[in-house]
Amino acid sequence: MESESNLKTWVSDKVMTLLGYSQPIIVQHIIAVTKQATSPASVVEMLVESGWSSTTETASFAQEIFAKVPHKASVLDQNIKKPRVFRRKRYDLVDDDEEKQEPEQEERRVKRRTCPEDEEEEDQRAREQLERNLKDKDKAATRKLTEPNPNRRRSSRNADHDIERLRTLSREGYVKKREKQILEGIRAKIEDEKKLFKHEKLTQAEKSRNKYMEDICNVVKKYEAVDDDVEVYRIPEAYDDMESGVNQKKRYSVASQRYKDGEVKKVGAHAEQVGWEDHQIGKARVSFGSKNKRREGDEYEFVFETDMVEFVKGSMGSGIKRDDQFDDDDDMEIKSNQLFELRAKTAMEKLQEERRALPMYKMRQEFLKDVKEHQIVIIVGQTGSGKTTQIPQFLHEAGYTKGGKKIGCTQPRRVAAMSVAARVSQEMGVKLGHEVGYSIRFEDCTSEKTVVKYMTDGMLLREFLVEPDLASYSVLMVDEAHERTLSTDILFGLVKDIARFRPDLKLLISSATLDAEKFSAYFDSAPIFIVPGKLHDVDVFYTKAPEADYLDAAIVSTLQIHVTEPPGDILVFLTGQEEIETMNEILKHRTRGLGTKIAELIICPIYANLPSELQAKIFEPTPEGARKVVLATNIAETSLTIDGIKYVIDPGYCKMKSYNPRSGMESLQVTPISKASAIQRAGRSGRTGPGKCYRLYTEDNFKNELDDSTIPEIQRTNLANVVLTLKSLGINDLLHFDFMDPPPAEALIKALELLFALGALNSVGELTKIGRQMAEFPVDPMLSKAIVASDKYKCSEEVLSIAAMLSTGNSIFHRPKDKQVYADNAKQNFHIGNVGDHIALLNVYNTWKETNYSTQWCYENYIQVRSMKRARDIRDQLERLLERVEIELTSNPVDLEAIKKAITSGYFPHSARLEKNGAYRTVKNPQTVHIHPSSGMAQVLPRWVLYHELVLTTKEYIRQVSELKPEWLVEIAPHYYQLKDVEDSVSKKIPRGEGRAP
DNA sequence: GAGCACTGC
């Protein structure tokens, strides 16, 4: 017989080869399982129950371990931790009639205990003990909490100890019963809520109810989590039996209700999106924990404590890992509420410990002093310095939230706002949505109590509309300001302005090193506060000579790293979907050629339009011996973090949008990245350890040819929306608005012209009633004008759907490379009668609605579910806003002309007419354009068309095209079009005045 | 008959 430790090593090795990873708890579990197994088959059975797959490897492993591990009779003398399923069942107070144990084990257990004579009596005693105990419950709980690691080493020969354990077990029965009651109460409440949702139109109360639902779901999930946690030890079956009829699945369904289709639509409206975001948050949270590698359990603790069902579910690895820290002491005996409190406590302590380890934490005093002395402070801190999580907490602790004032912190991305808020609420030990909350589109997780509020920058911008002086805030922190999103740039100007007349308002701007000086200069020489980061070293390599074909260079480099470098995943930055697909194929082909000579290379593409189920692939852990290579677009630069990346390949390009105000044309073209981007990309390899970055350009290129930072978005975009927002904030003199980097005057003027043409501004540039209505809708001005105009044509229902579909971007139709024909056919079904792309989108939306928002239907029609759900969310939001601007919800589904006219009211500047050669010419700012081949009108070529957008890619393309009657233009926009603009080509075949020879 | 970087409200 082997010693226990030898045995453990042996099992661990085995597990390692079978699963690719190993954990002490798995080993222990397997040994324990084997010890009470009666045959190798029963070992297999139990392994399968714990999540192993039933393969021949599992079977032979079971055979081996059964031979090696002492089992059956010999187990009597072993002082091992047994799965507690037997004992638990015995002392359940709730339900007694489910004793189905094997007599042999029963006997063994009896022998093991010190007072085996009369079990009934003992049970009775336990009950009495329990009653006494429960009276003393609080006291007991306190004791448990003050002794998180009780010095109660197991000694099975000790009578006192057994009685003690008995008490615990009995208490469990009580606790479980109580839990059941709570859960039932919650379930009933949820049912009530659901009824309310069905009957009432969503109003103001919706927010709070949404919030309430969220809370409930969180509570349920917490209980679920306790169960999940126990599952490894096979307790749940016992629990389920006891609950008689309430099984895991059913209970899980309560918690996950909001993620499901159908019923609770308003709550679960963006279910898939949420799922994906949850996953992202999961990553965000995990990476928080993993900054500190000393304690591996923490990250899971953190995940466990919050609503991370999506992340934890179905992953055996994490389920087991979470228990790791309770591995070898009696904590396992403490269950349910107590376990929960205990965990909350230990998690809290660990969080605090982690907090103290952050560079920011040490600079607390210094920082608070700076903030006290200056109104505006620029903060320079790298990732991992803890600025985002710590600063609002410091300020809160220092009393900046007194008198109900809030601390606001903006983030450029939704996911960031949510995950940071979750983290901070953890650290402060409060419930998310109470003192600490977040506010993002479609989801407001704040309450009257909220004093620390994380939000997206766009959300703060919307808040300006209702509270122009932001009186409820005492501190505003603009985080990740160096990213220079459109919203942050506008915020700068606004915030700088209100800081002048609100001396009590503190302003914090966080930025990267490169831009700090610039920020300081803009904010009246504000002091710069520097926090060191915690990134690991990254070695940067350049190519000796410029590479002609960066894609090929990337492929070669990837293989080179794969063959020569130690383990660690590779991240390659490419410009778009097409490149990613190409590289994917070439890599597959080449590695196949190499056969088994090299280790396995797992290729994971990732880009935003990739269906989410395929995106999830990049987060799967890399199996032992293999290497993962992630082919990503810019999405991996800031938006998501992949653990385990050690090598980054940076070809130095990305696709960037630019806007030509003169022609009103947007273009999306491959451009060299900036130094700031290059540094950011390199940093992606150093998150969990030292990394390497291979730049596929020369050092000279880097130093002399790359711009310092990316041109801010505000300088390369259509400003119509920005101008409308600023106008509605009462800022009239836009040309002198204090932009940090002013946009081209031409673009501003163009935007003003457009808004004037749409009727949003009057001749002196003031906002009109229509303009105010338009500003309410979070969509492009032309689209919001169409919505406002739909009132006149009595078809707001239809226009809303179209607007929502257009707002989702171009990601509705999915076109897999291998099924292009099918996808195109499916798409053609919505274009029957050549109704045009706008009506086709309406058809898609309505048909989807008729199928009760079926996911299956989307798959069948090659439509992206994620985009559809997003469209539904947007539509819901727009519908609510409709009420606010006093537009009636009207439907007129058969009158397509009315719908098109409403669209034309917004898009009349986007008209084009056919020329002889099959190309089109835009009516205003004449230029030659082509219908995008993805359009349903690409073959039809109507004489006059209305388009949604004009983009330059390989040619000038117009996308989302519908047929138009030229007389509409004069009817709808007489101030913009004159009869002569349109009549020529109606009466004559050849357009006049184009100056072209035939 | 060509192609859709990434966010955000």
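Order of the sequence lines sets the chain letters (A, B, ...), proteins ahead of strands, with each chain counted from 1.
- Listed nucleotides B:dC9, B:dT7, B:dC4 differ in distance to A:Arg413; the shortest reach to its side chain belongs to B:dT7.
- Ring-plane geometry between A:His838 and A:Tyr907 is classed as tilted, the angle between the planes lying from 30 to 60 degrees on a 0 to 90 degree scale.
- Comparing A:Val779 and A:Arg716, the nucleotide of DNA chain B nearest to each residue sits closer to the 5' end for A:Arg716.
- Contact check, A:Thr456 against B:dG8: no side-chain N or O comes under 4.0 Å of OP1 or OP2.
- Both tests hold for A:Arg681 against A:Phe573: distance to the six-membered ring centre under 6.0 Å, angle to the ring axis within 45°.
- Taking every side-chain heavy atom of A:Pro933 into account, B:dG1 is the closest of B:dC9, B:dT7, B:dG1.
- Contact between the side-chain N/O atoms of A:Arg414 and the OP1/OP2 oxygens of B:dT7 is not found at any separation under 4.0 Å.
- To the nearest angstrom, P of B:dA5 lies 17 Å from OH of A:Tyr653.
- Among the heavy atoms of the strands lying under 4.0 Å from A:Tyr957 are primed sugar atoms or P, OP1, OP2 only; no base atom is included.
- Residue A:Arg462 places no side-chain N or O under 4.0 Å from the OP1 or OP2 atom of B:dG8.
- Which of B:dA5, B:dA2, B:dC9 sits closest to the side chain of A:Lys655 comes down to B:dA5.
- At a threshold of 4.0 angstrom between heavy atoms, the contacts of A:Thr485 with the nucleic acid are absent.
- Side-chain proximity of A:His932 to the nucleotides B:dC4, B:dC6, B:dC9 is greatest for B:dC4.
- At the heavy-atom level, A:Met656 lies nowhere under 4.0 Å from the strands shown.
- Residue contacts shown for A:Ser487 are absent, as no nucleic acid heavy atom lies under 4.0 Å away.
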